There are 2 protein chains.
Amino acid sequence: MVTIADVARAAGVSPSTVSYVLSGKRSISESTRRRVHHSIRKLGYHPNAGARALASSRSNVLALVVPLRTDLNVPVVMQFVTGTVAEARRYDHDVLLVTADEGADGLHRVAASSLADAIIVMDVEAAEPRVPVLTSLARPAVLIGVPDDPQGLACVDLDFTAAGAECVTHLADLGHRDIALIGPSPAVYERGTSYAGRFLRGFQETAADRGVDAATLACVPSYDGLRAVLDDLLARPRPATGLVVHNEAILGPLLSELARRGRLVPEDISVLAVCPPDLAEAQSVPLSSVDIPATELGALAVELAMRQLDGLAEPEVRLLPPRLTVRSSTGPAVA
Amino acid sequence: MVTIADVARAAGVSPSTVSYVLSGKRSISESTRRRVHHSIRKLGYHPNAGARALASSRSNVLALVVPLRTDLNVPVVMQFVTGTVAEARRYDHDVLLVTADEGADGLHRVAASSLADAIIVMDVEAAEPRVPVLTSLARPAVLIGVPDDPQGLACVDLDFTAAGAECVTHLADLGHRDIALIGPSPAVYERGTSYAGRFLRGFQETAADRGVDAATLACVPSYDGLRAVLDDLLARPRPATGLVVHNEAILGPLLSELARRGRLVPEDISVLAVCPPDLAEAQSVPLSSVDIPATELGALAVELAMRQLDGLAEPEVRLLPPRLTVRSSTGPAVA
DNA sequence: TTGAAAGCGGTACCAA
DNA sequence: TTGGTACCGCTTTCAA
């Protein structure tokens with residue numbers, strides 16, 4: 001293994017000089033810098049991560065806690081992950097994967113062993129049990145999602161309340177007087193998942209404001225679950241003419257089931273999705289949608305973590321404004 | 001921070017004794033062990049990962065290289081990941097996420113810096129360009145997938161050749177004389193993805209053996225792509241009565257499109273999928289399928305990596321035999 | 001069965 | 001602008 005001493009010897013300087021060339025923490029003459037860099041390349045030197053972590057008390061690793069739940073939309077989770085990894089690399093950091101099933105122990109482990117410098121947590125609940133653990137850790141933490149009481153932790157998320165409102169506004173503006181929200185799985189609501197509740201609230205409050213009749217149903221992400229919801233919805237005295245779907249997994253089934261029942265989208269019924277844009281575009285009818293900017297949120301989480309590590313900023317709650325893209329699935333309400 | 005010296009002092013022993021209690025590398029009297037463990041718990045001691053890695057030249061971290069391609073089935077990728085992480089934890093290791101877009105540099109980085117002890121690589125191509133890099137790394141590597149020339153690297157995968165054969169056998173045994181393979185995206189074939197070609201080969205060879213007429217088509221994972229494939233397939237003089245689908249993303253659309261065209265499954269046409277069981281069960285018609293044991297393969301990859309790290313075993317190619325589960329989507333061919 | 005101490009490969013302080 | 005070196009916390013050899 002090539003060490004910093006090897007490089008120093010080859011370049012005719014001291015190890016500390018090599019270290020400073022690499023870190024840029026003190027000024028180096030141009031000629032020295034060149035000689036050192038040359039030796040580094042020639043020898044194929046890579047600083048030993050463990051030694052560096054030990055000496056600097058910085059591992060340059062971010063821990064990312066990912067959920068394993070099957071009722072979450074996996075592609076969206078993966079987008080968070082890739083957004084996080086890509087941005088971490090831009091800051092010369094790596095990402096360590098911790099699964100949520102390790103619970104508080106996992107957080108303690110990576111923090112106390114100095115495996116990771118900061119922790120990013122996904123799938124946050126309203127009454128998030130990991131908040132007290134994270135605050136006790138003496139390491140920066142960033143939540144992707146907003147608990148009811150963040151206790152000073154940094155949070156990033158889509159402004160789901162505003163997103164719910166925007167969905168209602170869009171349909172109401174198109175003249176829909178009867179709308180419905182097809183939400184995530186009941187399990188998601190039951191465990192108080194942060195985004196589900198906020199979206200629901202924005203949806204309901206705005207519906208009330210606009211005087212729109214709004215049904216709300218959770219939906220098990222399966223054909224049977226969907227059929228039950230549709231049976232319920234369409235049998236009502238004044239069935240909804242506009243559907244807001246906050247459940248990525250049933251978008252495809254919903255469209256085929258509507259087709260099967262002879263309902264044209266958007267002529268007979270409008271469908272507005274909350275999902276990543278690529279998913280909205282891939283459906284049989286390109287769906288109008290409010291974007292879930294998962295990649296961007298992952299990157300933003302890294303940014304907030306880095307700021308805290310650099311001591312440049314206090315933790316903050318950062319909500320991204322929703323963006324609604326009109327495609328082919330929403331239109332005026334039929335008279 | 002609590003160090004091993006603090007624990008040693010509290011327990012009235014030397015640091016080396018604490019270390020040996022933890023590693024189990026030499027025998028310790030029961031009373032000493034108890035005192036040490038007690039102090040560890042009382043002080044909340046967690047060994048510093050960097051120091052440990054430096055002294056032992058073992059980071060207890062596995063690097064996992066994940067693909068970012070959108071033409072792969074993301075849930076399956078995620079199952080590999082979770083299988084890997086879970087098994088790694090059982091060996092007291094953590095998993096560092098490296099994205100494939102870093103290419104060979106990423107591999108060098110994690111290996112040369114001793115960030116990771118071993119590397120697991122997903123999304124392997126037949127002419128896998130990372131094979132020479134990995135062999136040059138002087139660290140164990142495990143491929144999830146089998147390149148044409150593994151050059152002595154360890155590989156784990158489903159036996160896709162046998163899987164292709166088994167699919168044909170199942171349909172032929174049911175009396176189908178005209179079958180078709182709806183495969184992955186053309187892009188997957190074009191880049192020579194290892195599993196796609198092997199499955200195709202097993203499919204075609206067995207069809208020839210059984211004297212079955214077998215069409216094979218790649219399918220862009222979208223509604224349009226699927227419609228094009230179905231148009232082609234169903235317009236043929238002797239349309240297939242049995243479909244083998246090696247493309248998770250279009251299973252849902254396929255079933256709804258078949259329904260739209262008035263074809264009953266399995267009465268008019270049999271559908272046999274290659275996918276994880278949960279996906280097969282979640283369709284509108286529970287699909288007969290050959291399992292993709294992604295979680296198991298992830299775990300197996302870890303196991304092979306650990307064996308190599310312990311010097312217990314040479315790299316090997318390990319292919320899991322396919323398992324076909326008959327559900328409701330395959331039946332006898334109509335006369 | 002246990003202890004003392006020499007590293008592991010960097011970082012950053014103190015000098016020059 | 002650069003060099004010397006103590007030290008980060010743990011592992012492991014050598015000795016007892």
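Each chain gets a letter, A, B and so on, in the order the sequences are listed, and its residues count up from 1. Everything numeric in this text was worked out from a predicted model, so none of it was measured.
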Engineer: Rounded to whole Å, please give me the gap between CZ in B:Arg26 and C1' in C:dT1.
Structural biologist: 7 Å

Engineer: Separation of B:Leu115 atom CG from C:dC8 atom P, in whole Å?
Structural biologist: 20 Å

Engineer: Reckon B:Thr17 touches a base, only the sugar-phosphate, or nothing at all at heavy-atom distances under 4.0 Å?
Structural biologist: sugar-phosphate

Engineer: Nearest to the side chain of B:Leu54, which nucleotide is it out of D:dG3, C:dC8, C:dA12?
Structural biologist: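 Closest nucleotide among those given: C:dC8.
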
Engineer: Just to be sure I understand the rule, does A:Thr3 reach a base, reach only the sugar-phosphate, or reach nothing, if contact means heavy atoms closer than 4.0 Å?
Structural biologist: sugar-phosphate

Engineer: Figure out the CD1/C1' separation between B:Ile4 and D:dT12, and round it to whole Å.
Structural biologist: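 So the two atoms are 11 Å apart, to the nearest Å.
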
Engineer: Mind calculating the distance between CZ (A:Arg58) and P (C:dA12) to the nearest angstrom?
Structural biologist: 10 Å

Engineer: Keeping the roles fixed (side chain from B:Thr193, backbone from B:Val188), state whether a donor-acceptor pair exists under 3.5 Å.
Structural biologist: yes

Engineer: Check this for me: does the side-chain of A:Tyr20 come within 3.5 Å of the base of C:dC13 through a donor and an acceptor?
Structural biologist: yes

Engineer: With a non-hydrogen cut-off below 4.0 angstrom, is A:Ser29 in contact with a base, only sugar-phosphate, or nothing?
Structural biologist: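 It contacts sugar-phosphate atoms only.
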
Engineer: Under a plain distance cut-off of 3.5 Å, with no hydrogens placed, do A:Ser16 and A:Ser19 share a side-chain donor-acceptor pair?
Structural biologist: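 Side-chain D/A pair, A:Ser19 to A:Ser16: absent.
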
Engineer: From the set D:dT2, D:dT1, C:dG10, return the single nucleotide nearest to any side-chain atom of A:Thr32.
Structural biologist: D:dT2

Engineer: Could you work out which one of D:dT12, C:dG10, D:dC10 sits closest to the side chain of B:Ala51?
Structural biologist: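 Minimum distance to the B:Ala51 side chain belongs to D:dC10.
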
Engineer: Please state how far atom CG in B:Asn60 lies from atom P in D:dT11, giving the value in whole angstrom units.
Structural biologist: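 Nearest whole value for this atom pair: 10 Å.
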
Engineer: Round to the nearest Å and state the distance from B:Asn48 atom CG to D:dC7 atom P.
Structural biologist: 18 Å

Engineer: Nearest of D:dG3, C:dG3, D:dG9 to any side-chain atom of A:Ser14?
Structural biologist: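 For A:Ser14, the side-chain atoms sit closest to D:dG3.
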
Engineer: Can you tell me if B:Ser114 and B:Arg139 form a side-chain donor-acceptor pair at under 3.5 Å?
Structural biologist: yes

Engineer: Which nucleotide wins on minimum distance to the side chain of B:Ser16, given the candidates D:dC8, C:dA5, D:dG3?
Structural biologist: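 The closest nucleotide is C:dA5.
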
Engineer: From the list C:dG10, D:dT12, D:dG3, which nucleotide is the closest neighbour of the side chain of B:Ser19?
Structural biologist: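 Comparing C:dG10, D:dT12, D:dG3 against the side chain of B:Ser19, the answer is D:dT12.
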
Engineer: Indicate whether OP1 or OP2 belonging to C:dT11 is found under 4.0 Å from a side-chain N or O atom of A:Lys25.
Structural biologist: no

Engineer: Any carboxylate oxygen within less than 4.0 angstrom of a Lys/Arg side-chain nitrogen, looking at A:Arg318 and A:Asp157?
Structural biologist: no

Engineer: Between D:dT11, D:dG3, C:dG3, which nucleotide has the shortest distance from any of its atoms to the side chain of B:Arg52?
Structural biologist: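 Taking heavy atoms from C-beta onward, the closest nucleotide is D:dT11.
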
Engineer: Could you tell me whether the side chains of B:Arg198 and B:Ser194 share a donor-acceptor contact shorter than 3.5 Å?
Structural biologist: yes

Engineer: Would you mind classifying the nucleic acid contact of A:Val18 as base, sugar-phosphate or nothing, using non-hydrogen atoms under 4.0 angstrom?
Structural biologist: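 A:Val18: no heavy atom of the nucleic acid under 4.0 Å.
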
Engineer: On DNA chain D, check which nucleotide each of A:Val13 and A:Ser56 is closest to and give me the residue with the more 5' one.
Structural biologist: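 Of the two residues, A:Val13 wins.
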
Engineer: Nearest whole angstrom, please: distance from the P of C:dG10 to the CD1 of A:Ile40.
Structural biologist: 10 Å

Engineer: Between C1' on D:dC8 and CG on A:Asp117, what's the gap in Å once rounded to a whole number?
Structural biologist: 15 Å

Engineer: Write down the atom of A:Val110, the atom of A:Val98, and the distance for their closest heavy-atom approach.
Structural biologist: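 Heavy-atom minimum between the residues: CG1-CG2, 3.9 Å.
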
